A.B. asks: 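Take this structure first; my questions come after.
Atoms within a ligand are numbered from 1 in the order they appear, just like the ligands themselves. Everything numeric here is computed off the predicted structure, so don't read it as measured data.
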Amino acid sequence: MNEGMIPADLPLRNDLIGEEPYGAPQIDVPVCLNVNENPYPPSHAVVRSIEKRIREIAPTLNRYPDREHMELRQAFVDYLAKESQASLTTDQVWGANGSNEIMLQIFQAFGGPGRAVLGCDPTYSMYPEYARDTFTQWHTAPRNADFTLDVDRTIEAIRAIEPSIVMLTSPNNPTGTALPMTDLKRILDFCQNARVAGAADGVHPIVVVDEAYIEFRDPGTPSAATLVNTYANLAVSRTMSKAFAFAGARVGYVAASAGIINCLRIVRMPYHLSAVTQATALAGFDHTDDQLAQVGHLRELREQTAQWLREQTYKGEPLEVAPSQSNFLMFGGHFDDRGMIFDEMLRRGVLIRVVGPDGWLRVCMGTDDEMARFREALTASMHAVEEQTNQANQQ
Ligand SMILES: *Cc1c(COP(=O)(O)O)cnc(C)c1O
């Protein structure tokens with residue numbers, strides 16, 4: 001396959017000409033710390049459950065799956081009760097192929113021509129793509145210098161832009177920043193009376209909180225899912241891909257008022273969630289403790305790695321580390337050519353991510369071994385780039 005080649009005589013949409021498929025590079029490297037996966041594979045018990053559940057449904061694969069995926073929605077409800085102390089019913093949850101599909105369904109249902117979405121920069125780089133694909137305008141309000149949400153400016157932007165969707169992310173990607181409940185409530189309260197451009201009077205924006213990394217938050221911190229019964233304009237998106245160690249299963253879900261769920265049901269593909277996917281997800285939920293067994297350890301590793309990074313220097317200045325409640329860290333702050341550091345790391349077999357504001361890089365937590373290799377490779381890479389800069393300056 002000739003990658004990137006698109007014949008000029010194909011009637012590709014005008015606004016997509018010159019666009020590239022999005023995605024982190026999938027490079028075969030010994031240490032992959034670039035896409036925020038959980039590095040620990042499923043336990044034997046989980047693998048056995050997957051085998052058993054798929055064997056059970058295999059003879060029925062001539063039939064379409066349960067379009068409403070009711071058994072799985074009950075499993076989402078049970079998990080949200082256990083993990084987040086949210087008490088919801090099956091008509092308040094909805095699943096899809098990854099939270100990326102959830103988000104796309106949200107844009108399809110609530111965005112569209114004449115509509116706008118507001119996010120808070122820097123944030124997840126997929127949001128502008130869903131906006132493009134659904135002909136929705138993408139706007140951003142800037143965060144504070146420490147990457148926390150600037151609530152006043154966000155509310156000001158909602159007033160000015162009149163979006164139909166306010167996209168918040170907690171913990172945020174790529175910064176790791178959590179969104180305090182008091183800030184979220186201020187935005188939810190404001191949105192209850194805010195206007196939506198391109199919609200009738202009396203229509204108000206919905207607020208989406210993307211909680212892809214929520215299981216990594218500090219213990220005791222509430223999830224926005226606990227507010228779903230109070231705010232009919234709130235949708236909380238979650239995923240099995242990160243802490244839950246099931247990225248390959250492609251399952252995401254959303255907790256929201258039954259009204260919001262019913263809007264998503266209008267735009268979903270018929271039978272969007274395959275019987276195999278539903279069976280696999282149910283097998284994961286048979287063993288939630290197994291799936292989450294390493295979350296505490298990864299959280300500790302994040303704190304240790306943050307501490308270690310703060311003790312390192314680059315060109316005479318200590319590295320900065322953004323406070324994170326997720327399984328990754330954004331660090332550096334003053335990498336004047338972060339691409340060079342990234343390349344040196346890659347040469348040493350460690351793949352991280354060039355993402356976020358200039359001067360920063362992102363790394364996700366791997367196994368203890370992988371993190372040891374990360375530390376070695378970063379030390380050597382920063383040194384190598386410093387040397388190259390010194391030599392260039394001498395010439
Ligand atoms: C990884 C990630 C997701 C999860 O995507 P899935 O489609 O569920 O794998 C969602 N939101 C953010 C911000 C992420 O970083």
Side-chain angles (χ1 to χ4, degrees), residues 21-26 32-39 69 72 76 79-80 93-108 117 119-131 133 138 140 143 147 149 165-179 207-217 223-225 235-255 264 268-269 272-274 277-278 280-281 284-285 291 295 298 302 322 324-330 352-356 360 362-366:
Y22 170 85
Q26 289 195 310
C32 279
L33 303 173
N34 67 331
V35 287
N36 301 341
E37 295 154 332
N38 187 323
H69 52 286
L72 184 54
F76 296 144
Y79 178 70
L80 286 168
V93 294
W94 175 254
N97 296 281
S99 53
N100 270 285
E101 187 181 30
I102 293 283
M103 226 77 74
L104 182 62
Q105 291 177 344
I106 289 172
F107 276 63
Q108 287 173 325
V117 176
C120 297
D121 237 13
T123 192
Y124 189 39
S125 41
M126 276 308 294
Y127 303 146
E129 306 240 341
Y130 313 133
D133 293 348
W138 170 248
T140 56
R143 288 171 175 265
F147 306 120
L149 210 69
I165 305 169
V166 178
M167 266 314 302
L168 305 174
T169 318
S170 182
N172 185 41
N173 181 8
T175 63
T177 321
L179 173 64
V207 177
V208 178
V209 183
D210 181 351
E211 288 194 338
Y213 301 95
I214 192 71
E215 288 96 340
F216 292 109
R217 69 196 180 280
S223 154
V236 183
S237 154
R238 313 259 300 214
T239 181
M240 296 177 88
S241 296
K242 305 291 164 56
F244 208 86
F246 237 35
R250 306 305 301 126
V251 184
Y253 50 102
V254 61
L264 302 185
R268 57 116 181 86
M269 297 293 256
H272 66 295
L273 211 50
S274 88
T277 301
Q278 294 186 38
T280 308
F285 283 127
Q291 291 294 108
V295 167
L298 290 166
R302 172 192 77 210
S324 171
Q325 298 243 325
S326 59
N327 65 333
F328 55 81
L329 291 163
M330 198 174 76
I352 57 171
R353 190 81 181 265
V354 178
V355 66
W360 297 83
R362 193 191 71 193
V363 62
C364 79
M365 297 305 111

A.B. asks: N/O to N/O below 3.5 Å, does that happen between Ser99 and ligand 1?
C.D. replies: yes
A.B. asks: Which heavy-atom pair separates Arg302 from Met365 by the least distance, and what is that distance?
C.D. replies: CA-SD, 3.7 Å
A.B. asks: Which word best sums up how the rings of His69 and Phe76 line up, parallel for under 30°, tilted for 30 to 60°, or perpendicular for over 60°?
C.D. replies: perpendicular
A.B. asks: Does a donor on one side chain and an acceptor on the other come within less than 3.5 Å for Asn172 and Thr123?
C.D. replies: yes
A.B. asks: Heavy atoms only: which of Phe328, Tyr213, Phe244, Tyr127 is nearest to atom 15 (O) of ligand 1?
C.D. replies: Tyr213
A.B. asks: At a 4.0 Å threshold, what atoms of ligand 1 neighbour a non-hydrogen atom of Ser241?
C.D. replies: 6 (P), 8 (O), 9 (O)
A.B. asks: Taking the six-membered ring for Trp, are Tyr130 and Tyr127 parallel (under 30°), tilted (30 to 60°) or perpendicular (over 60°)?
C.D. replies: tilted
A.B. asks: My understanding is that we take every heavy atom of each candidate and find the minimum distance to atom 3 (C) of ligand 1. Doing that for Lys242, Glu37, Met103, Met126, which one comes out nearest?
C.D. replies: Lys242
A.B. asks: At a 4.0 Å threshold, what atoms of ligand 1 neighbour a non-hydrogen atom of Arg250?
C.D. replies: 6 (P), 7 (O), 9 (O)
A.B. asks: When you look for heavy atoms under 4.0 Å from ligand 1, do you find them on the side chain of Asn100, its backbone, both, or neither?
C.D. replies: both
A.B. asks: Does Val254 reach the side chain of Gln105, with side-chain heavy atoms less than 4.5 Å apart?
C.D. replies: no
A.B. asks: Any heavy-atom pair between the side chains of Arg362 and Leu329 that's under 4.5 Å?
C.D. replies: no
A.B. asks: May I ask you to identify the nearest protein heavy atom to atom 11 (N) of ligand 1, giving residue, atom name and distance to one decimal place in Å?
C.D. replies: Asp210 OD2, 2.7 Å
A.B. asks: Does any N/O atom on Asn97 come nearer than 3.5 Å to any N/O atom on ligand 1?
C.D. replies: no
A.B. asks: Has the side chain of Glu211 got a donor or acceptor atom that lies under 3.5 Å from a matching backbone atom of Ala224?
C.D. replies: yes
A.B. asks: Using non-hydrogen atoms of the residue, decide whether Met240 is closer than 4.0 angstrom to ligand 1.
C.D. replies: no
A.B. asks: Answer yes or no for Asn36: is there a heavy-atom contact with ligand 1 below 4.0 Å?
C.D. replies: no
A.B. asks: Looking at ligand 1, does Ala212 have a heavy atom less than 4.0 Å from it?
C.D. replies: yes
A.B. asks: Using the side chain to side chain contact (heavy atoms under 4.5 Å, CB included) rule, take Ile102 and Trp94 through it: C-alpha gap first, then chi angles, then the decisive distance, then the call.
C.D. replies: CA-CA 8 Å; Ile102 293 283; Trp94 175 254; 4.0 Å; yes
A.B. asks: State whether the shortest distance between N or O atoms of Tyr124 and N or O atoms of ligand 1 falls below 3.5 angstrom.
C.D. replies: no
